[in-house]
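Quick note on labels: first sequence line is chain A, next is B, and so on, each numbered from 1.
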Amino acid sequence: MKIIVCVKQVPETQDVRLDPVTHNLLREGVKSIINPFDLYALEEGLRIREQQGGTVTVLTMGPPQAEAALREALTYGADQGILLSDRAFAGADTWATAFTLAAAVRKLGGADVIFCGKQAIDGDTAQVGPELAAFLDIPQVAWARKLTFVGPERLQVERLLDHGYDLVEVQLPALITVVKEINEPRLPSFKAKLKAKAATIPVYSLSDLGLTENQVGLKGSFTRVVRVFPPPARGQREILQGAPEELAAALWGRLQQMHLR
Amino acid sequence: MSIIIESDLCTGCGQCLEVCLFDALELVGDKVAVKDGCNLCGACVAVCEYGALSLPEDETPALSRPSHGIWIFAEQRRGRLSPVALELLGEGRRLAEALKIPLAAVLLGHQVRDLVPELMAAGADTVYLVDHPSLAQFLEEPYAAALTALARLHPPEIILAGATYVGRAFIPRVAAVLDTGLTADCTAFDIDPEKNLLLQTRPAFGGNIMATILTPRSYPQMATVRPRVMKKLPPDNGRQGNIIEIDLADLSRPFRSRFLETVSEITETVPLGEAEVIVAGGRGLQEAKQFRLLEELADLLGGAVGATRAAVDAGWISYQHQIGQTGKTVAPKLYIACGISGAAQHLVGMQSSDYIIAINQDPQAPIFQIADLGLVGNVFDILPALIQQIKANR
């Protein structure tokens with residue numbers, strides 16, 4: 001079974017803020033990590049490999065530093081990591097990212113199952129997985145919390161929707177995005193850590209993928225960020241301190257003004 | 001590709017380094033230079049007082065506007081419209097007036113014709129109806145196939161869908177196949193009056209930063225919209241519209257995924273989404289039994305109880321009550337945050353509440369930054385006193 005897991009390197013904290021006056025970014029030295037949801041995708045890939053045999057390839061697109069995310073993925077036991085990196089890939093929106101990933105999956109000869117985390121914690125779009133499935137023209141099940149093989153090429157998937165959980169059956173090859181209820185990711189193993197240190201991580205560039213500049217990165221993107229700004233400040237803020245009874249009375253007064261009961 | 005720097009104009013003031021979201025700028029000598037990682041967001045261009053920075057020009061010629069107006073995806077399940085469908089019609093109406101184009105609802109499902117009048121009353125000029133057994137239950141493949149085929153048949157200028165589990169699962173497939181941009185989880189829209197383009201605003205970085213996004217060179221412009229942010233219109237049952245029922249050949253092909261059954265329904269014992277008042281608790285409540293205080297207050301105010309992820313993870317209250325990035329998004333008239341510090345992940349789920357009251361012992365807690373009224377004190381002292389006051393005054 002060929003298993004591909006897509007991961008994204010993200011800043012460890014989302015606690016970035018813009019100065020309300022200057023709009024400058026207030027940021028401390030932030031560490032990069034594997035998007036936490038992707039670790040569940042990786043774990044599910046490893047479990048399927050243990051159950052069904054096969055290989056787990058971890059794929060990421062990013063600057064050269066994103067190699068660290070792949071090396072980290074190897075410490076959990078992935079078989080290989082592949083980095084898609086080229087200056088031309090910079091500025092990609094979800095469409096261009098998925099398009100580039102799709103070219104890499106094809107170059108790798110396709111996959112039986114592709115796993116993605118439900119979304120990345122920096123962008124929070126949850127779009128790259130479904131867009132990748134669409135480019136590869138394979139079925140997809142989003143928000144999976146449980147997988148069961150019901151045949152060599154059939155998966156039953158329990159997935160979260162707005163009303164509850166649905167059970168669906170999907171024919172492989174397919175792409176699955178996972179929620180964190182699906183498993184409990186393992187810890188890196190010592191053996192795998194040693195292997196990860198020594199591993200070579202192939203880098204695929206624009207020409208390796210057989211794409212042109214107009215299809216990737218900012219040029220290939222259909223969306224443009226035109227403005228970033230801090231969230232709107234709320235109206236007048238009022239902070240009260242004092243004895244509990246006084247505070248409760250102030251609160252009660254406010255509730256009465258609001259005509260609640 | 002990266003930002004273009006006119007070195008002659010650069011004074012090396014370093015302003016742009018401060019605003020770079022991606023740490024992609026550096027000073028080399030006394031001039032700014034671009035490192036890897038430039039995302040071309042343009043934040044630096046906006047702050048450069050010397051006009052030394054610019055974005056690479058887009059050479060793509062302007063496209064002609066498609067003629068089928070704004071579409072909203074009318075999400076339904078088992079013959080009941082999702083509230084977000086009506087909210088989208090409310091917002092869609094506003095955008096349609098601004099662009100002077102029609103507003104349509106796209107209704108996909110099986111035996112759902114009965115929902116058409118409700119969509120028209122909520123603002124739709126046209127309802128595109130695709131009624132097919134393949135659409136009886138939600139699956140990404142047939143839903144994406146239906147919307148894609150419709151959009152090719154009657155090309156729209158804009159498609160909006162709720163940022164629900166359903167919308168976020170299949171709308172990206174449609175955008176991918178239609179070769180167009182998609183903005184996730186928008187919380188505000190506007191129209192650029194010169195270019196007639198949709199300005200799509202969404203929170204990024206866990207809600208710490210807002211970003212406005214354009215889809216400047218392709219149609220349709222597509223976005224998913226956070227539920228409970230847009231306002232629906234009061235239903236006008238006199239509104240007239242037309243139904244366009246479409247039989248799509250694409251839906252009769254076999255799909256590679258199929259629905260088996262609904263395993264469990266989330267029974268909303270707590271109608272958090274509809275509650276006008278929410279009393280929510282966080283880590284500061286310290287133990288499960290303290291949630292009784294919140295329940296009592298919520299009962300007195302006719303509201304519901306919410307919780308932060310910390311409280312849910314601690315096992316003090318069930319996941320159904322969780323509000324925030326990994327829980328529900330709510331926007332009640334009144335939100336009372338008790339013992340909640342105000343992590344960004346929680347704030348994104350409640351910051352559109354009309355009025356926010358926060359009670360916390362720590363005057364530095366971030367929750368006070370967004371609270372209309374903040375009480376610095378002990379929840380276990382203030383709430384019982386408040387409950388007493390309310391009871392005494394009933």
Peer 1: Side chain, backbone, both or neither: which part of Glu75(B) has a non-hydrogen atom closer than 4.5 Å to chain A?
Peer 2: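 Only the side chain of Glu75(B) comes within 4.5 Å of chain A.
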
Peer 1: With a 4.5 angstrom heavy-atom cut-off, could you sort out which part of Ala133(A) is near chain B: side chain, backbone, both or neither?
Peer 2: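 Both backbone and side chain of Ala133(A) come within 4.5 Å of chain B.
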
Peer 1: Which one wins on heavy-atom pair count under 4.5 Å against chain B: Leu251(A), Leu167(A), Ile138(A), Val168(A)?
Peer 2: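 Heavy-atom pair counts peak at Leu167(A).
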
Peer 1: What part of Arg258(B) gets within 4.5 angstrom of chain A, counting heavy atoms only: side chain, backbone, both, or neither?
Peer 2: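 When you check distances to chain A, atoms from both the backbone and side chain of Arg258(B) fall under 4.5 Å.
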
Peer 1: Checking Ala249(A) against chain B: side chain, backbone, both or neither under 4.5 Å from a heavy atom?
Peer 2: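 For Ala249(A), backbone and side chain are both near chain B.
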
Peer 1: Mind ranking Ile239(A), Thr94(A), Val170(A) by heavy-atom pairs under 4.5 Å with chain B and telling me who comes out on top?
Peer 2: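 Of Ile239(A), Thr94(A), Val170(A), Ile239(A) has the most heavy-atom pairs under 4.5 Å with chain B.
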
Peer 1: Let me know if Ile357(B) has heavy atoms under 4.5 Å from chain A in its side chain, its backbone, both or neither.
Peer 2: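 Interface part for Ile357(B): side chain.
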
Peer 1: Should Arg168(B) and Asp124(A) count as an ion pair when the cut-off is N to O under 4.0 Å?
Peer 2: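 Looking at Arg168(B) and Asp124(A), the cut-off is not met.
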
Peer 1: Where does Ser82(B) contact chain A at under 4.5 Å (heavy atoms): side chain, backbone, both or neither?
Peer 2: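 Ser82(B) has no heavy atom closer than 4.5 Å to chain A.
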
Peer 1: Among Leu375(B), Asp381(B), Leu373(B), which one satisfies side-chain contact (heavy atoms from CB on, under 4.5 Å) with Leu247(A)?
Peer 2: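 For Leu247(A), the side-chain contact (heavy atoms from CB on, under 4.5 Å) check succeeds only for Leu375(B).
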
Peer 1: Where does Glu261(B) contact chain A at under 4.5 Å (heavy atoms): side chain, backbone, both or neither?
Peer 2: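 For Glu261(B), heavy atoms of backbone and side chain both lie under 4.5 Å from chain A.
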
Peer 1: If I measure from the heavy atoms of chain A, does Phe255(B) come under 4.5 Å with its side chain, its backbone, both, or neither?
Peer 2: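 For Phe255(B), no heavy atom lies under 4.5 Å from chain A.
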
Peer 1: Using heavy-atom distances under 4.5 Å, tell me whether Glu246(A) contacts chain B through its side chain, its backbone, both, or neither.
Peer 2: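 No part of Glu246(A) comes within 4.5 Å of chain B.
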
Peer 1: By a 4.5 Å heavy-atom criterion (distance strictly below it), what part of Thr177(A) contacts chain B: side chain, backbone, both, or neither?
Peer 2: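 Nothing of Thr177(A), per the 4.5 Å heavy-atom cut-off to chain B.
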
Peer 1: Counting only non-hydrogen atoms closer than 4.5 Å, does Leu139(B) touch chain A with its backbone (N, CA, C, O), its side chain (CB onward), both, or neither?
Peer 2: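 Interface part for Leu139(B): both.
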
Peer 1: Kindly check if the number of other-residue, nucleotide or ligand heavy atoms within 6.0 Å of CZ (Arg154(A)) is above 12?
Peer 2: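 Yes, because the 6.0 Å sphere around CZ of Arg154(A) holds more than 12 heavy atoms from other groups.
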
Peer 1: Please state whether the side chain, the backbone, both or neither of Glu158(A) comes within less than 4.5 Å of a heavy atom of chain B.
Peer 2: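 For Glu158(A), the side chain is the part near chain B, not the backbone.
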
